[in-house]
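Predicted, not measured: the structure shown is a model, and the values here were computed from it.
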Amino acid sequence: MGRRKRPPHKLMTRIGALVLLSTASLWGQSIQYSEARKVWLLTTQQSSYALGVGPDGAVRHLYWGAPLWRVDDIPAPTQRRDISSFDPRQMIENEEFPGWGGTRYYEPALKITREDGDRDLVLKYASHRVQGNDLDISLKDIRDDIQVTLHYAVYPENGIVRRNATIRNGTTRPLTIESVQSATWYLPPGEGYQLSYLTGRWAAETQLNREPIHEGAKVLESRKGHTSHNFNPWFAIDHGDASEESGRVWYGALAWSGNWRITVEQTPYRQVRVTGGLNTFDFAYPLKPGESLDTPIFYAGYSDSGYGGASRTMHKFEREQILPGGKESRPRPVLYNSWEATTFNVNEAGQRELADKAAKLGVELFVMDDGWFGKRNDDRAGLGDWFVNPQKFPQGLKGLIDHVNGLGMDFGLWVEPEMVNADSDLYRAHPDWVMNFKDRPRSELRNQMVLNLARADVKEYIFGMLDKLAGEYNIRYFKWDMNRAFSEPGWPELAATDQRKLWVEYVRNLYEIFDRLRAKHPKLEIESCSGGGGRIDLGILRRVEEVWASDNTEAFDRLRIQEGFSQAYAAKIMSAWVTDVPNMNGRSTPLAFRFLVAMQGALGVGANLNKWTEQDSKTATDMIATYKRIRTTVQTGDLYRIASPRTNDVTVNQYVATDGKQSVVFAFRHSQEYNLAAPTIYLRGLDERALYKVESVNNKLLDRQTPVSGAYLMRAGLNVNLRGDFDSTAIILERQ
Ligand code: GLA
């Protein structure tokens with residue numbers, strides 16, 4: 001508009017250059033392609049990923065690591081020579097999505113059987129398409145019209161590359177897929193790698209394991225129908241030299257809440273490869289002519305600042321790209337849940353009384369757990385009958401919900417939609433709705449059976465029931481539980497060849513219900529629970545605000561569960577309650593300790609408030625008020641794991657707000673020995689030039705000077721007076 005452009009200030013240009021430096025745009029497009037050499041380079045702020053077409057037409061992996069900026073630097077893949085008649089060239093050529101066929105002996109990404117028994121599948125490049133941050137590469141079998149489209153999406157700002165594949169039967173004959181994976185990832189060739197992964201069981205989820213990768217294959221998987229407590233679909237690999245804050249780490253997470261598998265292989269040729277997708281166990285997915293199958297999404301990233309850098313990137317990615325509402329979603333409210341207080345013994349008067357008490361503590365969301373429906377007086381009856389129990393709530397739920405809302409709290413309700421008790425009207429009416437093999441026993445676990453959600457009528461019933469509840473009542477939140485693993489996964493109404501589709505269709509229908517419910521009730525929030533942490537993965541997290549990390553609420557055990565959880569998942573997602581003692585291990589920790597452990601996630605209270613002393617309620621009120629002051633930092637800040645509960649007599653975690661204005665340090669002493677003082681805490685992630693006001697929530701600071709510079713806090717550290725067993729504190733730093 002005729003306005004003269006002012007020459008940019010020198011400082012501004014420098015800032016501009018810095019900003020540019022930190023974005024993928026300096027490195028060119030997030031996706032570069034060299035037509036001459038048929039090489040693609042995918043780049044984010046933290047990583048690059050390259051692949052290309054070999055002389056034989058196979059698409060080959062070329063690079064995964066720190067950012068590169070020039071596609072022309074990457075040599076086109078050349079054809080290798082066979083090493084021997086036992087070691088063909090394919091074994092060292094790192095095919096991006098190998099079919100099982102020809103001379104390939106490692107874990108394939110796709111294995112099929114044709115109607116006539118022919119099982120050979122050799123995939124070659126056909127075409128590709130780049131659109132913004134998306135790349136699709138089409139492959140085709142050398143003879144048949146069996147098409148595979150490899151989908152890539154780059155999240156330049158979030159440091160993540162996303163992959164999955166679509167398999168299409170373009171032939172005129174049916175075929176059956178026996179294995180289909182989402183992606184194969186290759187580490188730079190070499191040995192000495194180390195695998196981090198999460199294992200567990202009910203009440204002991206997300207335990208962090210680290211072990212060297214040797215020749216052979218390590219399988220992480222679920223065969224239980226849900227994500228499972230036993231393994232979580234996440235991995236991280238380093239070169240054996242990474243720490244929390246240094247070293248190269250390659251990591252990934254699979255977004256699938258059913259049977260999944262991640263195979264980590266080291267070949268005899270010093271190549272580590274990770275193949276993940278649908279579990280091949282009991283798997284057979286028929287494709288008629290024209291039909292296709294989309295695989296789950298596999299997300300991956302690279303960090304050159306250790307495990308801490310990897311998880312901070314992952315957390316931010318989840319908050320911004322995975323969770324419903326993304327960046328705009330509200331902070332998680334402080335929740336009260338009635339389960340441990342009342343178990344099945346719920347009624348209107350009792351819940352009102354708990355709600356009154358919870359509101360006084362500062363609770364914002366009141367959740368009524370199991371026991372409110374059907375003939376649900378214990379775990380032997382009622383699942384499936386989702387109508388309000390008239391003895392317990394003669395006027396329906398409206399009276400209770402109005403009361404809760406009148407106290408300024410939202411109302412949440414527990415449901416377990418996928419299940420049925422034999423003693424229920426639903427089972428009496430529809431015994432065929434349960435997954436089963438005809439005329440064979442139907443195993444019960446916790447006295448319940450699993451509905452075959454792969455069936456359209458079951459899906460509609462479940463959707464209708466939840467839709468009705470959400471429409472009839474002012475329900476802000478469902479705690480969606482799933483309290484047993486699958487068994488006898490038969491679908492007798494289908495032809496034998498189609499029955500195993502159940503594993504996939506079940507999860508798809510589950511996702512569809514979540515998606516439809518959320519679309520129809522935009523204010524509704526959902527928690528994913530599966531007997532604690534049995535359904536935590538990036539697939540379900542696209543559809544829920546929180547997950548219940550474990551039925552084990554014992555605070556000391558929780559430190560390790562939370563440490564493992566935090567490798568892969570953001571604090572905002574992690575529902576964490578304060579409950580009564582002694583719990584689980586017969587251990588009693590102080591109430592302040594229990595609060596501070598739970599305040600590292602989305603804080604909840606699950607105690608029997610009727611039994612609390614005045615002092616307990618005061619401690620809780622103060623802690624909840626403190627939590628509200630720091631929750632944005634905890635829920636959306638950067639996490640630095642300073643001391644691990646696995647290797648120290650203290651656990652220390654620090655959260656730094658994204659704007660750098662606040663930081664919170666949580667410190668826990670487990671068990672003091674030899675009269676030793678707690679170790680000095682060296683803080684991280686602060687601005688060394690800035691001054692911070694330092695305070696402890698319970699007066700545990702040994703160094704009392706304040707303000708203190710970031711440089712001092714990070715280099716000379718901070719000392720706290722934690723003594724004896726289960727002492728704890730939180731230190732709040734406010735930037736001056
Ligand atoms: C599961 C959940 C608990 C509780 C009970 C109710 O065990 O993990 O939090 O909801 O079911 O039956």
Side-chain angles (χ1 to χ4, degrees), residues 107-111 176-183 195 197-207 209 216-235 252-265 274-286 293 295-298 418-419 434-437 440-446 448-454 482-492 494 496-511 528-540 568:
E107 187 64 42
L110 181 62
K111 183 175 186 314
T176 300
I177 301 177
E178 285 159 9
S179 165
V180 62
Q181 304 301 305
S182 302
L195 173 69
Y197 61 104
L198 300 171
T199 58
R201 55 186 183 274
W202 174 78
E205 296 85 339
T206 53
Q207 304 293 305
N209 301 267
K218 167 106 189 171
V219 174
L220 318 176
E221 66 170 349
S222 167
R223 297 179 177 193
K224 290 183 161 176
H226 66 149
T227 322
S228 133
H229 306 75
N230 303 137
F231 290 100
N232 191 272
W234 168 86
F235 74 89
L254 193 60
W256 189 245
S257 313
N259 280 4
W260 59 272
R261 189 176 70 153
I262 296 176
T263 306
V264 180
E265 239 179 323
V274 180
T275 307
L278 297 172
N279 201 331
T280 52
F281 178 79
D282 194 42
F283 185 83
Y285 200 98
L293 174 68
T295 68
I297 289 165
F298 207 153
E418 299 150 80
M419 298 292 160
V434 162
M435 50 180 74
N436 72 91
F437 292 117
R440 309 249 342 146
R442 301 171 177 199
S443 300
E444 295 184 16
L445 289 168
R446 208 193 188 205
Q448 62 197 56
M449 290 167 278
V450 191
L451 293 172
N452 182 1
L453 183 50
M482 195 271 194
N483 271 320
R484 60 157 290 180
F486 290 14
S487 63
E488 296 97 14
W491 191 350
L494 295 197
T497 45
D498 288 340
Q499 288 192 19
R500 295 178 201 207
K501 283 169 88 171
L502 179 143
W503 295 115
V504 173
E505 301 311 319
Y506 186 103
V507 182
R508 283 187 174 163
N509 284 351
L510 179 81
Y511 288 167
S528 166
C529 174
S530 181
R535 196 184 264 161
I536 305 172
D537 61 80
L538 294 186
I540 204 72

Q) So do N230 and K224 actually touch side chain to side chain, heavy atoms under 4.5 Å? A) yes
Q) Given T497 and T176, is the side-chain contact (heavy atoms from CB on, under 4.5 Å) satisfied, shown in steps? A) CA-CA 9 Å; T497 45; T176 300; over 6 Å; no
Q. Roughly how far apart are Q448 CD and R442 CZ, rounded to 0.5 Å?
A. 15.0 Å
(Q) Checking the side chain of N436 only, and the main-chain atoms of V434 only, is there a donor and an acceptor separated by less than 3.5 Å? (A) yes
(Q) Using side-chain heavy atoms (C-beta onward) and a distance below 4.5 Å, is L502 in contact with N452? (A) yes
Q. Between R535 and I540, which heavy-atom pair has the shortest distance, and what is it?
A. O-CG2, 3.5 Å
Q: For the residue pair N483 and M419, establish whether any side-chain heavy-atom pair is separated by less than 4.5 Å.
A: no
Q: Could you tell me which non-hydrogen atom of P286 sits nearest to which non-hydrogen atom of K501, and how far apart they are?
A: CD-CG, 3.7 Å
Q. Got a sec, which residues hit salt bridge (charged side-chain N to carboxylate O under 4.0 Å, His left out) with R223, two or more places apart in sequence or on another chain?
A. E221
(Q) Within the 4.5 Å heavy-atom criterion, are I262 and F298 side-chain neighbours or not? (A) yes
Q. Does E265 use its side chain to pair, donor to acceptor, with the backbone of E107 at less than 3.5 Å?
A. yes
Q: Report, as yes or no, whether the 6.0 Å neighbourhood of atom CZ on R446 holds more than 12 heavy atoms from other residues, nucleotides or ligands.
A: yes
**Q.** Closest heavy-atom pair and its distance - A255, P296
**A.** O-CB, 3.6 Å
Q) Cut-off 3.5 Å, side chains only: do Q181 and T295 have a donor facing an acceptor? A) no
Q. Closest approach of A454 and E505, non-hydrogen atoms and distance?
A. CB-CB, 3.7 Å
Q) Quick check: does any side chain N or O of Q499 sit under 3.5 Å from a backbone N or O of G490, one acting as donor and the other as acceptor? A) no
Q | Pair W503-F281, ring-ring contact (aromatic ring centres under 6.0 Å, His included): steps then yes or no | A | CA-CA 10 Å; W503 295 115; F281 178 79; 7.5 Å; no
(Q) Test your reading of the model: is there a side-chain donor-acceptor pair from W260 to the backbone of T227, 3.5 Å cut-off? (A) yes
Q) Under 4.5 Å between any side-chain heavy atoms of M435 and L451, yes or no? A) no
Q. Y511 versus S257: any side-chain heavy-atom pair under 4.5 Å?
A. yes
**Q.** side-chain hydrogen bond (donor to acceptor under 3.5 Å, both in side chains) partners for T199, two or more places apart
**A.** N209
Q | Distance (rounded to the nearest 0.5 Å) between I177 CD1 and L278 CG | A | 9.0 Å
Q. Say you draw a straight line from CZ of R261 to OG of S222; how long is it, rounded to the nearest 0.5 Å?
A. 12.5 Å
Q: Using the six-membered ring wherever Trp is involved, compare the ring planes of Y285 and F283 and label them parallel, tilted or perpendicular (cut-offs 30° and 60°).
A: parallel
Q. Sequence neighbours excluded, which residues qualify as salt bridge (charged side-chain N to carboxylate O under 4.0 Å, His left out) partners of R500?
A. D282
Q | Closest approach of T275 to P108 (non-hydrogen atoms, all atoms of both residues) | A | CG2-O, 3.9 Å
Q. Do V450 and S487 come close enough that some side-chain heavy atom pair is under 4.5 Å?
A. no
(Q) If I take atom NE2 from residue H229 and atom CZ from residue F231, how far apart are they, to the nearest 0.5 angstrom? (A) 14.0 Å
Q: Work out which heavy atom in S530 is nearest to a heavy atom in M482; give both atom names and the distance.
A: OG-O, 2.6 Å
Q. Any side-chain heavy atom of L254 within less than 4.5 Å of one from S182?
A. yes
Q) For the side chain of N509 and the backbone of L453, is there at least one donor-acceptor N/O pair under 3.5 Å apart? A) yes
